[in-house]
Amino acid sequence: MTTVDIEEIQSTRSEKLLAVVLMVFLLIGTVWTYVKVDDYAREAIHDPPPPSATDQAARDRLLRARQHYSRAGGEKRRALETLNVRREQYRTALDAGKSAGDLERRYRSAQAAYDAAVREQQRALVEVTAAKPAAAEVSRKQSERFEAVHRKRELLAFGVRLTFILVLLVLGFWLLARLRRRAPRYLPLASALLGTAALMAVVFAGDYVTDYIDPLDLGPLVLSLFGIAATVAAFVALQRYLARRIPVRRVRKGECPFCGFPVRGSGPHCENCGREVVAACASCEKPRRVGSPRCATCGNV
């Protein structure tokens, strides 16, 4: 069976379209998995336990004190309204020169009720002030417990998502390398997986980088640095790829694998750069074009 060299592969539009469709479905599944990681983290790390009986008693004490203060405030407002009405009735009777003995007693009673309501509200305020420190300490400890659980969940979600992205990238590169050697026509499938992994990596980076960096302040700088790093990495990868493929391509065209000058004569050296273009095969010792994928005599690499 003859393996077709990757340089001779030309993907059809149908293959590219199917690769795009595959990438869309891969994105649906990966995005769903990415989002569901939060549910997994919540199930894996439970909420902190409820407050102890002592802590709950402190909170209940503050709650009862506040309810008492609220009721006392309502009683004070009603007593004040009654006092104002009784005072006006008593004053009107005095201004008219009428007998106001009964109105005076009712006014004095309303005044006493208002004074009692004021004292009751003050006692309720003292109870609230006394109960606040213990209840605040309980709330602080419970808040710290919830914050610790939240940090653990965030850390777990970060680790799972990072592992998921790395697995996608490694699987994509592994599949690309495997298909390049064994089934080059299926390379668009590997490209779809790699494209999905790359997009999810961008989503992951944007999701967590913005938690620590304000996009409005350093967004352009972060994007610039990321783009520079990605472009340089792609350029280095391209140069390594070309360094492996250009000599084969030049040999196929009858050129020197080193400088690309046409090899016209039958001599072992290039007429332009002087390097050897014909050397002994490492397997059979027969003459072999430098840069050719296989020996023309024995067929070995």
Side-chain angles (χ1 to χ4, degrees), residues 24-77 119-172 193 196-223 225-226 229:
V24 170
F25 285 110
L26 285 172
L27 282 173
I28 293 174
T30 51
V31 169
W32 180 86
T33 304
Y34 186 92
V35 173
K36 283 296 181 180
V37 169
D38 288 330
D39 296 338
Y40 166 74
R42 281 192 293 268
E43 294 175 359
I45 301 177
H46 301 290
D47 290 334
S52 63
T54 303
D55 291 343
Q56 189 60 43
R59 301 176 91 177
D60 292 341
R61 179 187 174 192
L62 178 60
L63 178 61
R64 289 193 299 269
R66 285 175 172 172
Q67 291 174 345
H68 183 196
Y69 182 77
S70 178
R71 290 193 302 269
E75 291 295 333
K76 177 184 175 182
R77 287 191 298 271
R119 290 192 296 271
E120 185 65 22
Q121 187 184 39
Q122 290 175 346
R123 285 194 294 270
L125 180 60
V126 171
E127 292 178 3
V128 171
T129 304
K132 266 185 176 181
E137 180 64 17
V138 172
S139 298
R140 184 190 64 80
K141 292 190 295 184
Q142 194 69 5
S143 177
E144 289 178 351
R145 295 190 188 104
F146 274 103
E147 184 64 25
V149 168
H150 177 70
R151 287 195 299 267
K152 290 180 180 178
R153 287 173 176 172
E154 288 291 323
L155 184 60
L156 177 61
F158 173 82
V160 172
R161 283 170 174 156
L162 179 60
T163 303
F164 178 61
I165 299 298
L166 292 177
V167 168
L168 284 179
L169 289 170
V170 171
L171 181 61
L193 180 58
T196 302
L199 286 177
M200 292 306 300
V202 172
V203 171
F204 175 80
D207 191 12
Y208 284 95
V209 168
T210 53
D211 291 341
Y212 305 99
I213 299 176
D214 189 352
L216 298 179
D217 293 338
L218 298 178
L221 177 60
V222 173
L223 179 60
L225 294 176
F226 177 79

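Numbers here simply count residues along the sequence, with the first being 1.
- Of all heavy-atom pairs between Y34 and V203, the closest is OH-O, 4.1 Å.
- Taking every heavy atom of both residues into account, L169 and A198 meet most closely at CD2-N, 4.3 Å.
- A157 and D38 make their closest contact through CB-OD1, 4.0 Å (heavy atoms, listed as atom of the first residue, atom of the second, distance).
- Judged by distance alone, the side chain of S139 and the main-chain N or O of A135 form a donor-acceptor pair under 3.5 Å.
- A donor-acceptor pair under 3.5 Å is formed between the side chain of T30 and the backbone N or O of L26.
- Residues R59 and L63 are not in side-chain contact: their nearest non-hydrogen atoms beyond the backbone lie 4.5 Å or more apart.
- Using a 4.5 Å heavy-atom cutoff, the side chains of I28 and F25 are in contact.
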Stepwise side-chain hydrogen bond (donor to acceptor under 3.5 Å, both in side chains) test for Q67 and R64 = CA-CA 5 Å; Q67 291 174 345; R64 289 193 299 269; over 6 Å; no

Would R123 and E127 satisfy salt bridge (Lys or Arg N to Asp or Glu O under 4.0 Å), going step by step from the backbone distance to the final call?
-> CA-CA 6 Å; R123 285 194 294 270; E127 292 178 3; over 6 Å; no

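- Between E137 and R140, at least one side-chain N (NZ, or NE/NH1/NH2) sits under 4.0 Å from a carboxylate O, which counts as a salt bridge.
- Heavy-atom contacts from other residues, nucleotides or ligands closer than 6.0 Å to CZ of R145 number more than 12.
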Could you give me the CA-CA distance, side-chain angles and deciding distance for E75 and Q121, then say whether side-chain contact (heavy atoms from CB on, under 4.5 Å) is met?
-> CA-CA 9 Å; E75 291 295 333; Q121 187 184 39; over 6 Å; no

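- The side chain to side chain donor-acceptor pair (under 3.5 Å) test applied to R119 returns no partner, not counting sequence neighbours.
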Working for side-chain contact (heavy atoms from CB on, under 4.5 Å), residues H46 and V149 | CA-CA 8 Å; H46 301 290; V149 168; over 6 Å; no

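- Of all heavy-atom pairs between A124 and Y69, the closest is CB-CA, 3.4 Å.
- Checked against the 6.0 Å centroid criterion, the rings of F164 and F204 do not qualify as a close aromatic pair.
- At least one side-chain heavy atom of Q56 sits under 4.5 Å from a side-chain heavy atom of D60.
- No side-chain heavy atom of E120 sits under 4.5 Å from any side-chain heavy atom of K76.
- Here the closest heavy-atom approach between residue L27 and residue L199 is recorded as CD1-CD1, 3.8 Å.
- The two residues R153 and D47 make their nearest non-hydrogen contact at NH2-OD1, 2.8 Å.
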